[in-house]
Amino acid sequence: MSSTTSNVKYHASRAADSKPLEYLARGGFIGYGIIHLLFAWIALQVAFGGSGQDSDQSGALQELATHSYGKTLLVVIVIGLVAMAIWQAFEAVIGESGERNRTAMAERVLSGARAALYAYLAWMAVKVIQGANASMGDNYESKTTGLMSSTSGRWTVGLIGLVVLGIGAGMAYYGLKRKFVKHLNTGQMPASTRESIIKLGVAGYTAKGIAYGIAGFLVVLAAVNYDPEKARGLDAALKTLASYSWGVWVLALIAAGIAAFGVYCIAQAKYRKI
């Protein structure tokens, strides 16, 4: 059994070192950054213009598709996201450093989660290209409505909300403690821009963490109050903030942080360890 596992890790390690995969994954970071810049723009529109568009990554994909060059760019983004998903799946199997301590295991779990996220976004982008409904919010709300048909289902929804809330807290901690820096080739960064890139990462991860934390809290409330409309993920979180006078400015700050994350992702295309 151990021989089979070692063989799988060996082949996964060789595949992960593929130069074409590396170049595609780096291109994927640029696409991921573009998605977040559009996401930030939509969040600002929600804050000050009352936009009814989905205020999450799927809304950004839909916005991109409205432009003449949009679907072509979406195809390129899909290729990059798939490459990122494959790369992170390999990291989940073999680990980034090869170590076997708790920290390394946690990183492998995070790599698995990232692989799932990138694959999901790629699938959503394909749906947008095909002209199908690709709303993350609608998808979450529909599944939550089905789960809430039973008491055990409502408990499940509440538990999911707590998990999302925890992810948000973890993401903010990850940013504020600069845990992401170990994944960057900081030695290759110009001294004049190194700290600026790191600050973009801090702002980005913190903003996304706050948004996910609010989304998780709303999912818990949805379970308690039997209100599936609150369980629409980031879309519900940002639009709920926009409904309060003070929330508009908090949402504007979150939008700025998400934009910072978008720029940070584009910087990762060059400086991320792959």
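- Separation of atoms CD1 (Ile214) and CG (Leu165) is listed at 10.0 Å; rounding is to 0.5 Å.
- For Ala269, the side chain to side chain contact (heavy atoms under 4.5 Å, CB included) partners at least two apart in sequence or on another chain are Phe29, Ile30.
- Applying the side-chain hydrogen bond (donor to acceptor under 3.5 Å, both in side chains) test to residues at least two apart or on different chains, the pairs with a partner in residues 199-214 are His36-Lys208.
- With hydrophobic clusters built from ILVMFWY side chains whose heavy atoms lie under 4.5 angstrom apart, Phe39 does not share a cluster with Val76.
- Contact annotation: the side chain of Met189 approaches that of Ile197 to within less than 4.5 Å [non-hydrogen atoms, C-beta and beyond].
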>> Let's go through Trp87 and Arg272 carefully: what are the C-alpha distance in whole Å and the side-chain angles of both, what is the deciding distance for side-chain contact (heavy atoms from CB on, under 4.5 Å) to 0.1 Å, and is it a yes or a no?
In response: CA-CA 12 Å; Trp87 159 54; Arg272 184 67 155 81; 3.8 Å; yes

> Val128 and Met124: side-chain contact (heavy atoms from CB on, under 4.5 Å), yes or no, with the steps?
Replying inline: CA-CA 6 Å; Val128 170; Met124 295 295 289; 5.6 Å; no

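- For the pair Leu234/Gln57, a side-chain contact is recorded, criterion being any heavy-atom separation below 4.5 Å from C-beta on.
- Here Leu81 contributes atom CG and Leu61 contributes atom CG; the two are 8.0 Å apart, rounded to the nearest 0.5 Å.
- Partners of Ala172 according to the side chain to side chain contact (heavy atoms under 4.5 Å, CB included) rule, which considers only residues two or more places apart in sequence or in another chain, do not exist here.
- The OH atom of Tyr69 sits 11.0 Å away from the OG1 atom of Thr72 when rounded to the nearest 0.5 Å.
- Using a 4.5 Å heavy-atom cutoff, the side chains of Tyr118 and Ile86 are not in contact.
- For residues 246-257, no pair satisfies salt bridge (Lys or Arg N to Asp or Glu O under 4.0 Å), with sequence neighbours left out.
- Relative orientation of the Tyr264 and Phe261 rings is tilted, given thresholds of 30° and 60° on the angle between their planes.
- A heavy-atom distance below 4.5 Å is not found between the side chains of Val164 and Val219.
- Distance check, rounded to the nearest 0.5 Å: CD1 of Ile198 to OH of Tyr271 gives 11.5 Å.
- Applying the side chain to side chain contact (heavy atoms under 4.5 Å, CB included) rule to Trp123 yields the partners Tyr120, Lys127; only residues at least two apart in sequence or on another chain are considered.
- Using a 4.5 Å cut-off between side-chain heavy atoms of Ile, Leu, Val, Met, Phe, Trp and Tyr, with links allowed through other members, Phe217 and Leu162 fall into different hydrophobic clusters.
- Every residue two or more places apart in sequence or in another chain that forms a side-chain hydrogen bond (donor to acceptor under 3.5 Å, both in side chains) with Gln88 is listed here: Ser111, Arg114.
- For Ile266, the side chain to side chain contact (heavy atoms under 4.5 Å, CB included) test picks out Leu37, with sequence neighbours left out.
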>> Go through it in stages, so that I can follow the logic: the residues are Gln268 and Lys273, the test is side-chain contact (heavy atoms from CB on, under 4.5 Å), and I'd like the CA-CA distance, side-chain angles, deciding distance and then a yes or no.
In response: CA-CA 8 Å; Gln268 281 192 93; Lys273 293 177 182 176; over 6 Å; no

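- The shortest heavy-atom contact between Ala122 and Val78 is O-CG2, 3.9 Å.
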What pairs of donor and acceptor atoms, side-chain ones from residues 242-254 against any protein atom, are under 3.5 angstrom apart with sequence neighbours left out?
from, atom 1, to, atom 2, distance (Å)
Ser243, OG, Thr240, O, 2.5

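- Evaluation of the ring pair (Phe, Tyr, Trp, His ring centres under 6.0 Å) rule for Tyr23 yields no partner, not counting sequence neighbours.
- A distance of 7.5 Å separates CG in Leu110 from NE2 in His183, rounded to the nearest 0.5 Å.
- Using a 4.5 Å heavy-atom threshold, the side chains of Lys239 and Asp235 count as touching.
- Taking Ser68 as the reference, nothing meets the side-chain hydrogen bond (donor to acceptor under 3.5 Å, both in side chains) condition, with sequence neighbours excluded.
- For residues 24-34, every residue pair satisfying the side-chain hydrogen bond (donor to acceptor under 3.5 Å, both in side chains) rule, not counting sequence neighbours, is listed here: Glu22-Arg26.
- Of the inter-residue distances, the one linking Ile42 atom CD1 with Gln62 atom CD reads 8.0 Å to the nearest 0.5 angstrom.
- Following chains of ILVMFWY side-chain contacts shorter than 4.5 Å, one can reach Val181 starting from Tyr174, so the two form part of one hydrophobic cluster.
- Within the structure, salt bridge (Lys or Arg N to Asp or Glu O under 4.0 Å) pairs that include any residue of residues 169-178 comprise Arg178-Glu195 (at least two apart or interchain).
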